[in-house]
2 protein chains.
Amino acid sequence: MSIQSAILGILSWKSSTGYELKKIFEDSSFMYWSGNNNQIYKALMNMEEESLVTSEVVHQTNSPSKKIYSITEEGLLELKKWLMSSPEAPEIKKTFLVQLAWSDLLSNQQLSEMLSNYENEIKLQLMMQNEKNRRALHSPNRSARESLIWDMISANIISTYNNELIWIRETRQKLLENEVGEETDNERPN
Amino acid sequence: MSIQSAILGILSWKSSTGYELKKIFEDSSFMYWSGNNNQIYKALMNMEEESLVTSEVVHQTNSPSKKIYSITEEGLLELKKWLMSSPEAPEIKKTFLVQLAWSDLLSNQQLSEMLSNYENEIKLQLMMQNEKNRRALHSPNRSARESLIWDMISANIISTYNNELIWIRETRQKLLENEVGEETDNERPN
DNA sequence: CGTAGCATGTAAAACGTTACATGATTAA
DNA sequence: TTAATCATGTAACGTTTTACATGCTACG
């Protein structure tokens with residue numbers, strides 16, 4: 001899936017400039033593109049050539065001119081087509097699991113530190129997500145169904161981090177129990 | 001983080017050829033690189049130049065010659081350094097959430113279909129993960145601690161998909177309740 | 001007087017995937 | 001005889017990130 005579908009989605013909701021789209025991508029937790037100029041401006045140009053969007057230049061006195069992009073009938077059709085295409089499984093990259101895989105090379109203390117660092121990182125992410133949700137943009141003319149949908153998207157992200165937090169706590173607990181077992185072994189005479 | 005650290009990790013465990021590494025990446029659920037030739041062979045060559053690994057060519061009669069790579073002292077040091085670097089938050093891309101975001105454009109029936117398709121996809125992923133875990137490679141000379149670590153890595157992946165499954169069921173339920181509410185509204189005289 | 005915001009775009013580098021190329025052996 | 005496994009490598013292409021380039025306004 002490309003950034004084009006996401007842009008069509010945003011434009012279906014509200015006509016925007018490239019600059020505005022960029023900020024939306026930066027602020028969104030689930031529209032995962034970094035929102036760099038290169039991707040957005042190029043995508044908009046391509047989509048204009050394909051007649052999925054149209055643009056209108058607006059001259060301003062106190063700021064540089066801007067190009068407001070709007071979705072076309074054709075673009076809306078393309079968006080709906082994509083919405084009904086078969087959903088993909090999430091793509092998840094947890095670098096921490098790769099680190100953990102070889103962490104038997106570390107001492108108990110180093111491992112313990114590593115785990116608590118990850119727990120703190122996840123806690124931080126959770127807080128940031130909660131903050132983002134509170135200040136999230138609310139779409140105009142929202143139906144009850146659309147509100148529900150957006151609430152469930154937020155709930156998904158929060159529950160993902162919560163699940164990770166539960167897991168890391170469990171992992172720390174189990175590794176601690178294991179350590180205690182080892183000490184007992186050492187104290188026991190052979 | 002690059003594929004190099006993951007390769008160092010595998011080599012710390014067991015000397016391998018590029019071909020073997022490729023298969024390990026393909027089979028692993030948490031070492032998320034696709035395991036294509038280009039990445040692996042190039043990384044190995046770079047790492048040999050940096051003296052992180054050494055290679056030994058072994059000629060075989062019934063198969064083509066192979067290059068067995070081993071980790072060096074320097075490589076092991078580099079690996080340990082990486083293990084103790086601060087852990088990153090997971091990188092999660094859920095295309096489905098982007099689709100869901102604009103799905104108010106769909107009819108109740110289409111939306112419902114979309115949700116159940118996603119539920120099936122996640123169920124499939126869960127089954128595949130369980131299958132992978134059953135046939136997973138078990139490392140030689142494993143300490144109790146290392147076994148525990150690997151068990152927790154598997155548990156992480158399973159719980160991630162399970163969490164997604166719980167969420168999609170909840171979401172379907174809530175959207176269904178919402179539909180019922182709407183029908184009642186329609187039946188009610190204005 | 002420097003920094004941040006508004007606003008659009010391009011260039012270069014890094015990273016990733018797919019496909020190409022070769023060639024022997026083995027199992028269906 | 002066709003496909004799969006073993007085994008290493010390169011070329012072409014596609015995507016993503018980072019940096020460059022411009023220039024005005026507003027705020028501290």
Side-chain angles (χ1 to χ4, degrees), chain A residues 1-7 10-11 14-28 31-50 53-70 88 91-93 95 98 135, chain B residues 1-7 10-11 14-28 31-50 53-70 88-89 91-93 95 98 135 137:
Chain A
M1 180 227 176
S2 74
I3 195 170
Q4 295 207 0
S5 314
I7 292 176
I10 299 170
L11 294 182
K14 172 178 167 295
S15 294
S16 310
T17 66
Y19 189 79
E20 283 172 317
L21 289 169
K22 189 184 158 156
K23 280 192 294 175
I24 291 171
F25 282 114
E26 275 167 5
D27 291 352
S28 169
M31 288 186 278
Y32 46 79
W33 296 268
S34 66
N36 64 80
N37 291 353
N38 215 324
Q39 251 181 314
I40 292 173
Y41 288 108
K42 255 186 201 160
L44 285 170
M45 288 176 203
N46 287 341
M47 289 161 93
E48 190 162 22
E49 259 195 21
E50 291 169 56
V53 300
T54 51
S55 68
E56 190 198 351
V57 179
V58 176
H59 296 283
Q60 297 172 118
T61 44
N62 289 359
S63 328
S65 303
K66 59 184 180 181
K67 260 167 113 173
I68 300 174
Y69 286 90
S70 303
E88 296 166 32
E91 190 193 317
I92 301 167
K93 295 183 179 177
T95 296
V98 188
R135 66 173 69 202
Chain B
M1 181 228 175
S2 75
I3 195 171
Q4 295 208 358
S5 313
I7 292 176
I10 299 171
L11 294 182
K14 173 177 168 294
S15 294
S16 312
T17 66
Y19 188 78
E20 284 172 315
L21 288 169
K22 189 184 155 155
K23 281 192 294 176
I24 291 170
F25 281 115
E26 274 168 4
D27 291 351
S28 169
M31 289 186 279
Y32 45 79
W33 296 268
S34 68
N36 64 80
N37 292 352
N38 213 326
Q39 251 182 315
I40 291 173
Y41 289 109
K42 254 185 200 161
L44 285 169
M45 289 176 203
N46 287 341
M47 288 160 94
E48 191 163 20
E49 260 196 20
E50 292 171 54
V53 301
T54 52
S55 67
E56 190 198 352
V57 179
V58 175
H59 296 284
Q60 296 172 118
T61 43
N62 289 359
S63 329
S65 302
K66 60 184 179 180
K67 257 166 116 173
I68 300 174
Y69 285 90
S70 302
E88 295 166 32
E91 192 193 315
I92 300 167
K93 294 183 180 177
T95 296
V98 187
R135 66 173 71 203
L137 288 159

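The model shown is predicted, which means the values in this text are computed figures rather than measured ones. A note on names: the letters A, B, ... follow the listed sequences, proteins ahead of strands, and every chain is numbered from 1.
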Mind calculating the distance between [atom1] ([X]) and [atom2] ([N]) to the nearest angstrom?
| X | N | atom1 | atom2 | value |
| --- | --- | --- | --- | --- |
| A/Gln60 | D/dA26 | CD | C1' | 15 Å |
| B/His59 | D/dA7 | NE2 | P | 14 Å |
| B/Met45 | D/dT8 | CE | C1' | 8 Å |
| B/Glu56 | D/dT8 | CD | C1' | 17 Å |
| B/Trp33 | C/dT18 | CH2 | C1' | 20 Å |
| A/Gln39 | C/dA14 | CD | P | 18 Å |
| B/Ile40 | C/dT18 | CD1 | P | 14 Å |
| A/Tyr41 | C/dG9 | OH | C1' | 7 Å |

Those residues at least two apart in sequence (or on a different chain) that pass side-chain contact (heavy atoms from CB on, under 4.5 Å) with B/Ser63 are B/Gln60
A/Ser16: what forms a side-chain contact (heavy atoms from CB on, under 4.5 Å) with it, not counting sequence neighbours? A/Ile10, A/Leu11, A/Lys14, A/Glu20, A/Leu21
Have a look at B/Lys42 and say if it touches a base, only the backbone sugar-phosphate, or nothing, with a 4.0 Å heavy-atom cut-off. nothing
Strictly below 4.0 Å: does [X] bring a side-chain N or O up to OP1 or OP2 of [N]?
| X | N | value |
| --- | --- | --- |
| A/Tyr19 | C/dT8 | no |
| A/Ser2 | D/dT15 | no |
| A/Lys23 | C/dA7 | no |
| A/Ser34 | D/dT17 | yes |

Given [options], which nucleotide is nearest the side-chain atoms of [X]?
| X | options | answer |
| --- | --- | --- |
| B/Lys67 | D/dG9, C/dT8, C/dT10 | D/dG9 |
| B/Lys66 | D/dA7, C/dG16, C/dT8 | D/dA7 |
| B/Asn37 | C/dA7, C/dG16, D/dT8 | D/dT8 |

Sorted by chain and number, sequence neighbours left out, ring pair (Phe, Tyr, Trp, His ring centres under 6.0 Å) with A/Tyr19 holds for none
For A/Phe25, which residues count as a ring pair (Phe, Tyr, Trp, His ring centres under 6.0 Å) partner, sequence neighbours excluded? A/Trp33
5' priority, DNA chain D, between B/Lys22 and B/Lys93 [closest heavy atom]: B/Lys22
Applying salt bridge (charged side-chain N to carboxylate O under 4.0 Å, His left out), name anything that partners A/Lys93, two or more places apart in sequence or on another chain. A/Glu91
Minimum heavy-atom distance B/Ser34-B/Gln39, with the two atoms named: OG-OE1, 4.2 Å
Which atom of B/Ser65 lies closest to which atom of B/His59, heavy atoms considered: OG-ND1, 2.9 Å
Per-nucleotide protein contact string for nucleotides 22-28 of chain C (B base, S sugar-phosphate only, - none; heavy atom under 4.0 Å): -B-SS--
So does B/Asn36 reach the base of C/dG16 with its side chain, donor to acceptor, closer than 3.5 Å? no
How many angstroms lie between atom OG1 of A/Thr17 and atom OH of A/Tyr41, to the nearest 0.5 angstrom? 6.5 Å
